[in-house]
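Some notes on the structure that comes next.
Basis for what follows: all heavy atoms, side chains included, without hydrogens, waters or symmetry-related copies. Convention: sequence-line order gives letters A, B, ...; per-chain numbering from 1.
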2 protein chains.
Amino acid sequence: MGVGDVSKRILLGRKLRSSQLGETLLPKRIALPVFASDALSSVAYAPDEVFIMLSLAGASAYVWSWKIAIAVAVVMAAVIASYRQTVHAYPSGGGDYEVATVNLGRAAGTTVASALLVDYMLTVAVSISSGANYAAAAIPALQGHEVALAVALVLILTAINLRGIREAGTAFAVPTYCFMLAILGTALYGFVRLAGGSLPHVESAKFDIVPAPGMESPLGTMALLFLLARAFSSGCAALTGVEAISNGVPAFRRPKSRNAATTLLMLGLIAISMMVSIIVLAKQMGLRFVDPNSQHRLLLDGKPLGDDHTQNAVIAQVAKAVFNDFPPGFYFVVAVTGVILVLAANTAFNGFPVLGSILARDGFAPRALGSRGDRLAYSNGILFIAIMAIILILAFDAQTTRLIQLYIVGVFVSFNLSQLGMIRHWTRELQTQRDPVVRRRMMRSRVINGIGLTFTAVVLVVVLITKFLAGAWITILAMIFFYLVMRGIRRHYDNVEAELAAEQEDSVMPTRVHAIVLVSKLHKPTLRALAFAQASRPNALEAVTVSIDDESTARLLEEWDERNIPMPLKVLHSPYRELVRPVVEYASAIRKANPRGVVAVYIPEYVVGRWWEQLLHNQTALRLKGRLLFTPGVMVISVPYQLHSSEQRRRELRDEYWVAPGTIRGAGRYRGNQTGR
Amino acid sequence: MGVGDVSKRILLGRKLRSSQLGETLLPKRIALPVFASDALSSVAYAPDEVFIMLSLAGASAYVWSWKIAIAVAVVMAAVIASYRQTVHAYPSGGGDYEVATVNLGRAAGTTVASALLVDYMLTVAVSISSGANYAAAAIPALQGHEVALAVALVLILTAINLRGIREAGTAFAVPTYCFMLAILGTALYGFVRLAGGSLPHVESAKFDIVPAPGMESPLGTMALLFLLARAFSSGCAALTGVEAISNGVPAFRRPKSRNAATTLLMLGLIAISMMVSIIVLAKQMGLRFVDPNSQHRLLLDGKPLGDDHTQNAVIAQVAKAVFNDFPPGFYFVVAVTGVILVLAANTAFNGFPVLGSILARDGFAPRALGSRGDRLAYSNGILFIAIMAIILILAFDAQTTRLIQLYIVGVFVSFNLSQLGMIRHWTRELQTQRDPVVRRRMMRSRVINGIGLTFTAVVLVVVLITKFLAGAWITILAMIFFYLVMRGIRRHYDNVEAELAAEQEDSVMPTRVHAIVLVSKLHKPTLRALAFAQASRPNALEAVTVSIDDESTARLLEEWDERNIPMPLKVLHSPYRELVRPVVEYASAIRKANPRGVVAVYIPEYVVGRWWEQLLHNQTALRLKGRLLFTPGVMVISVPYQLHSSEQRRRELRDEYWVAPGTIRGAGRYRGNQTGR
């Protein structure tokens, strides 16, 4: 085992065998946490964003907080209801991409795909940044090092995912249930203390908030409306991730659609109650929360706070106060919130390669991404998303508030197209459906999707208006970029397919095969290549050597004669000591002399086992092959000679089988389709 | 032209055609500057190091400065005299590496090679760091940014060298002669003013120097001796680069050896007079110069200077004072000194790939480095040395003083082995030589080399004693590392050669060829591969497809029948949707059934022209080929199908010819020797 292998083992872990692969169907109690971590985790940052936006007009604007929570909850209910229809209509796991592609065409599908690509990156960046802030709330030593911590967390997740860890149901179930328990427990205990009149204030209750410039009360109606719209659109961050279940229907136990729909309903109820509780409690406990970049607007006894003050996240502040008589409760809440945020980021790491393989199947991404078990393709995807997330974290200083501005656009673009696609779906189904009972159900579904579309369309417009300058333009540019790249790739594949389409006359057989064997020295690989070439019985066969130094050429010719090799050895002179060009030119000349024939170039190659040995051999052969492929009418034949050191490596390659991560979640979305190599 | 090509063009410049290659022989007046820049440039930093070392005992120790200059000059004279013998003995350009290898064996040669490798890196780091300090002396705005400037200079040099610029004689001649003019002019004008009594003091003359702790006067004899030894060994930095001419003898006009020897003598005289003049003048002008890291030892009116004081280099100080009535003189001196230092660094960029190709020829470096015109190999060498130099600059903060400690060991290791080799050379020649005149000349040469060896051996011992803890241990470790790597590579090549050595029975011809053509779709590349396979008339021929999805396989089988392709299509089922493993296993099975036969695997490949198109195609084919090479008894046949987009790229490849940099200097050292591909 070489150095490279050892370090890869350390980094990536033992390879998984195919026998370890097994897909299990999930009961609802496991499916809920598996698919819900993403959606529920947004409760950890959505309330903060609502309070930050409202604080622009000072603490007095917090009276609107619970109304905004209700508005977000209504939108969420509409979206959940909509996706319940999708789950019934696409029991095979209709992700937004497929719903949009099937019902609205390729352009809509590609738009959704680019929105999802951007979303995956932002999911990692937002969740990890938020998680780092929670960690800093619990461990004061980490305060001020959130960026470094966030980057470290991304790197750890990357390493874990490169190891190919699977999303085991229980690995998700425990922290997700703990998170529900923590948040709902905090809410319950908080409301009990509120009822008993013993609810303490949060740590920030002692501050005053100076309104942002131009936002001093009394606010004009338009200004107030705009403020509330901004707060609302920030709060809609809570909706991210609710679509996950609709992708995963095939992973449910039977009856799949019904179980998935029930789980979706449970998810919605839990998410809504968690979010509303936190916002109401925080308001009751006198929370004061501003943008971390304008903490000077926080006043303590009339004096502004310095920028070194650190605001703890809303859930952390609420939990600290509610459990002021029971500190372990606070630490439990903060710890599980951090864990759930990291798990949410992990879903993006899992989802990205799956999306890549679907796009590859449809020709919008390199086909190589579509082949299952291709460790390289998956690894590249994981590295890509990790690098993009780290760039986002560094560029936005791990500040959830600034990243959120980029986040919601993409989510709502795919919501909208998905709902629109569903309306088309029902309309089309209704054209052929005659059974009045079924028709009535379909029409009801169409109405529900229509309501969902209305709500999500309004939110999208609000988000675009309120967030465009704050960062949404970046997302839109990125989406356009990915859209164009995907369309370009597809166009390329289409062009190639058209160029390659076989006509009847394409099967003409070459009239003769002229074989040349490249010889540099007379050793075993060369002799093997000569023997293989002879065994192939070409019409003409000659050995060819490039002379860059007369002395060694003379030695070679001498040896050639001694061995009585029954074919001529042609010497190509190379005044500039080049190896590649003379061979390419000679092959072209042969072909030109006989345009209906084919030139077969035999190249002896050593096969060695260790990566550094590869660097020491075959570099010229590689370059030569690369050039010869560009020469028409030439085929290149590699005749390998396996050195001892290749044995070990061959055994390793044989044993290697890589199980792609995301097998469970992606189960229904992935259908390999060999359309090219 | 793709995006990649355009950016490569911008970065690397137009490709050079072979017709542009032409080697010209150099007259002495051009050869001197071409080979001297490295040696002369060390005058720019060697005096500084002498003064820094002496200052440890306070300014009073400066009385020793001119004696040390004389000692260094004596050593230099001995070394120059020695190399004049080498030039006569090896008119083909006997570099230290060849002299040591031929006369002392492989181990000595490899030692010299590792010393040279380390030297090349340090030449870049030291010269550029020193150059950055000169630039900062002339442009105060650069002060404090020396590290960034040095790194930027290395990057610029790297870009220039990647463009493949050649060392045109005049490009070297002008700045080198300007440098001689500047330094000797400064010295002359300085001595004139000294004689006239109007020589001003340098800017640092107003300072006092506090001796370093433990170095207060009166010094004990041993301490003084050690101090002088340190100053002397630092001054020996002036000797670096004098061996360059001995490598370049073949580039001289006839009589080559005599001209080279004369040039060497001129170089020695100029270098010695420059160095001695600068040291004597600086002493006369009251220079005070300490280690830049202990500037608190400089006192102004009894008070230590802060660390923000910037000492200018010795030549800069001397020139500033000598030309205090003529500022352009100062700027000229500093500017050409900076330029010559950068040119000196450039020689390392040129020399490194040449050394690499020689080592490759002898099997101590990857063979690919030995093939001329391999842009990649040269580029990798340039990038390697650039990265190492940047690491050194960053690690040692662009402080010439600290880098010098690492520098001199390697230089003197190769001096010593080279002189020792020369003595062996003369002794061996004397055994066969009978002509008494020639014998007398040879014995005289041997004595000169003996004196050279004595001096360089003493210096090496002094350097090892005085510099070991200051940094020479790093160099020694690096040399040992490179030595072991080179020996490892050589051992690997030797083992491979032994393993590959052909015996008589190796020419056994396989009894039958079983060909399989891989089919994924029925398009033109596949049809071409099928036709080529048929034209090769194997004993058995079948087409093989891997089924990862029943639907498309059924479609393929249908099309197969429609087209009446006259061979069976075998379907390999792949339950885990893998493409590579089933093919490898099938090929192994065929081979196992007939161990004396050979399996020919035909792989249709698209050939596209743009790099990003490459990413979109053939990835599976590549992986498959990689695996098949490890399977014994298999040959892999790439049947290329050139798409339209490959045409442009093919024309470019045809026109591409790259002229390696360093053609002139390396002319005699480089003799390609094709010992493997």
Practice prompt. Name the member of B/Tyr641, B/Tyr493, B/Tyr602 that forms the most heavy-atom pairs with chain A at distances under 4.5 Å.
Written response: B/Tyr493
Worksheet, complete the sentence: Rounded to the nearest 0.5 angstrom, the NZ-CD distance for A/Lys524 and B/Glu499 is 7.0 Å
Discussion item. Between B/Ser588 and chain A, with a heavy-atom cut-off of 4.5 Å, which part of the residue counts as in contact: side chain, backbone, both or neither?
Written reply: neither
Worksheet, complete the sentence: Residue from A/Val580, A/Ile603, A/Val598 scoring the most non-hydrogen pairs under 4.5 Å with chain B is A/Val598
Worksheet item: Under 3.5 Å, side chain of A/Gln642 to main-chain N/O of B/Leu629, donor-acceptor pair present?
Response: yes
Worksheet item: Do you know the tightest heavy-atom contact between B/Ala531 and A/Pro510?
Response: O-CD, 3.6 Å
Discussion item. For the interface with chain B, which of A/Val601, A/Thr631, A/Val639 has the highest count of heavy-atom pairs at distances below 4.5 Å?
Written reply: A/Thr631
Worksheet item: With respect to chain B, which residue among A/Ser536, A/Pro538, A/Gly597, A/Ala515 yields the maximal number of heavy-atom pairs within a distance under 4.5 Å?
Response: A/Ser536
Item to complete: Nearest 0.5 Å please: distance from the CD atom of B/Glu605 over to the NZ atom of A/Lys625.
Response: 9.0 Å
Practice prompt. Tell me, for B/Val634 versus chain A, whether the close heavy atoms (under 4.5 Å) come from the side chain, the backbone, both or neither.
Written response: backbone
Worksheet item: If you take all heavy atoms of B/Leu500 and A/Tyr606, which pair is closest and at what distance?
Response: CD1-CE2, 3.3 Å
Discussion item. Tell me whether the count of non-hydrogen atoms from other residues, nucleotides or ligands lying under 6.0 Å of CZ in B/Arg512 goes above 12.
Written reply: yes
Worksheet item: At a heavy-atom separation under 4.5 Å, does A/Thr511 approach chain B through its side chain, its backbone, both, or neither?
Response: neither
Worksheet item: At a heavy-atom separation under 4.5 Å, does B/Leu530 approach chain A through its side chain, its backbone, both, or neither?
Response: neither
